[in-house]
Amino acid sequence: MAKLFLGLDSSTQSLSAVVIDLVARKVVYEHSLNFDRALPHYGTRNGVLPNRDPLVKHSPPLMWAEALDLMFAQMKKDGVALGEILAVSGSGQQHGSIYLNEKADAALANLDPQKPLVENLRGVFSRKTSPIWMDSSTSKECAEIRKKLGGIKFTASRTGSDTFERFTGPQIRKFSKTEPKPYAATAHIALVSSFMASLLAGKIAPIDFGDGAGMNLMDIRRKNWNHDAMKATAPGLMNKLPLLAASGQAVGPVSPYFVQKFGLNPEALATVWTGDNPASVIGLGLVKPGQVAISLGTSDTFFGTMEKCQTDENGEGHVFGSPAGGYMTLICFKNGSLAREKIREFYKIPDWKAFGGLVAQTPPGNNGGILLPWFEAEIVPRVNKPGIHRFDLDQNVVAANCRAIFEAQMMSMRLHSQWMQVSPEQIYATGGASNDLALLQVMANVMNCRVLRIEISKSAALGAALMAAHGWLAAAGKETKWEKLTAGFCRPVPNSEIRPDKKVAKIYGQLIEKFAACEGDALDTING
Ligand code: XUL
């Protein structure tokens, strides 16, 4: 008999669902619903409400609730055996916050299946819109909280990250300062993940240790709310935050709303959700300390798992709780594909194959030539003034500049992930540019470890389905090892392994010092 688990991912632009069968060890259903197209009456663009201030990015929480109704209706229509689903979990875009008033508890407990969720939720919000992770309007609040917590190093070592504009704490502070009355009327603050979990559970759901770490409010080591951080953020915050719990942990049976309306099993478990990045870590199978994935997208991101909590004293990288226990890191390099494409365009190179051919014409290490490709303000390292910096590199030598961008990006990843004190055994490469073999070979050589490609389109929703299975097994008293649970679901692309060339790796082992010095010089010049 099948054992079905549902994972949902409420991201910026869409809601996705993945159903897995744990017995057959495969994905049996997947579907995505794009907010702009499926719910045009909210007027969002790419999931975000237009705003005159380019720094302000909000979304309507009712849209996310309505999408949940639509998704269940679609699954029912598609013949998904909803009555056989044993547990539901999920993930949400990180950092976004929802503000509920004192009517929320009763509304959640009495969701009426005769009415849509949107009607059931009328009047429960103390703030109509939700600031999301793309919002960067809280620089002032970031500085205020950081100062009260004792600077970058202390903020990072207590909460897992320095303060960042998109993090929930600075967002809550701005709301409490600019709209004190609606803030005072707020009985519960939820993250996107815990809001969606609350709808499914029919009660306020906990925030998990993964998404909770994206708030600048959770003590990253003790995994409880940090009093100093709450005090530095806003008055009376303790009473507005829900409990913290492990992702996948059972909250209770699903709300009768979903049973009566869509035929979900009344015994199906609603569980604690997490953030999309922590869920992706599970979906990609990074469940053992030392496992690392690099996603090569518009921005490049470095995900890694760690057993012990190490924080970045420079405050560039983030530490979140991992749903598999222990910790994970997320380091985001903004000038990823964006910068690679700029170089390709600048030198008028027709395609990536030709680009790889040019890289091959130059020796690894580029005869010491270094390029710092900060086409856009960079997150890691922190660079506020965009600019391209060249060291021992002639702008007119095309091939050397092509190699230089690949080498710079990989050396930057190596340099800025050292604080984790994790030497990866292997790296999973994912994202759009991960089919570029020339780039992956540079990655293997710079990181001095094997690189394997992995292609999972809905890694967060898959991770959430696996979290649901883990939570259900735990509730039944059957603790299961994550490695066993994820095996078979997350497999690298066959024959995709790229091994490092030991001689070349040695060259990078030396060049990294020069790279770090060049970066230091460039930052000194920028910062005056
Ligand atoms: C992570 C972050 C984004 C969102 C995207 O810190 O801000 O990756 O989670 O959904």
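Order of appearance sets the numbers: ligands from 1, and atoms from 1 within every ligand.
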Check each atom of ligand 1 against the heavy atoms of [X] and keep those under 4.0 Å away; list them by number with element.
| X | result |
| --- | --- |
| Gln94 | 4 (C), 9 (O) |
| Asp276 | 4 (C), 5 (C), 9 (O), 10 (O) |
| Gln93 | 10 (O) |
| Leu330 | 1 (C), 6 (O) |

**Q.** Within-cut-off N or O pair, His95 and ligand 1, under 3.5 Å
**A.**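 Yes.
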Q | SB check Asp162 Arg146 (cutoff 4.0 Å) | A |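 Salt bridge between Asp162 and Arg146, a charged N being under 4.0 Å from a carboxylate O: yes.
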**Q.** Salt bridge flag under 4.0 Å for residues Asp9 and Lys458
**A.**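 The answer is no: the pair does not qualify as a salt bridge.
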Q. Among protein heavy atoms, which lies nearest atom 7 (O) of ligand 1, and at what distance?
A.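 Its nearest protein heavy-atom neighbour is Arg166 NE, 2.8 Å.
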(Q) Looking only at protein heavy atoms, which one is nearest to atom 1 (C) of ligand 1, and what is the separation? (A)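 Protein heavy atom with the smallest distance to atom 1 (C) of ligand 1: Asn277 ND2, 3.3 Å.
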Q. When the ring centroid of His318 is compared with that of Phe167, is the distance short of 6.0 Å?
A.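 Yes, the ring centres sit under 6.0 Å apart.
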Q.
Looking only at side-chain N and O atoms, does Asn34 offer a donor or acceptor that is under 3.5 Å from a partner on Ser14?
A.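 No.
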Q. What part of Thr301, side chain from CB on, backbone N/CA/C/O, both or neither, has a heavy atom under 4.0 Å from ligand 1?
A.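 Neither part.
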Q.
Is there a side chain to side chain contact (heavy atoms under 4.5 Å, CB included) between Ser130 and Val192? Walk through the geometry before answering.
A. CA-CA 9 Å; Ser130 295; Val192 178; over 6 Å; no
Q: Please state whether the rings of Trp482 and His470 are parallel, tilted or perpendicular, taking 30° and 60° as the class boundaries.
A: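 Correct class here is parallel.
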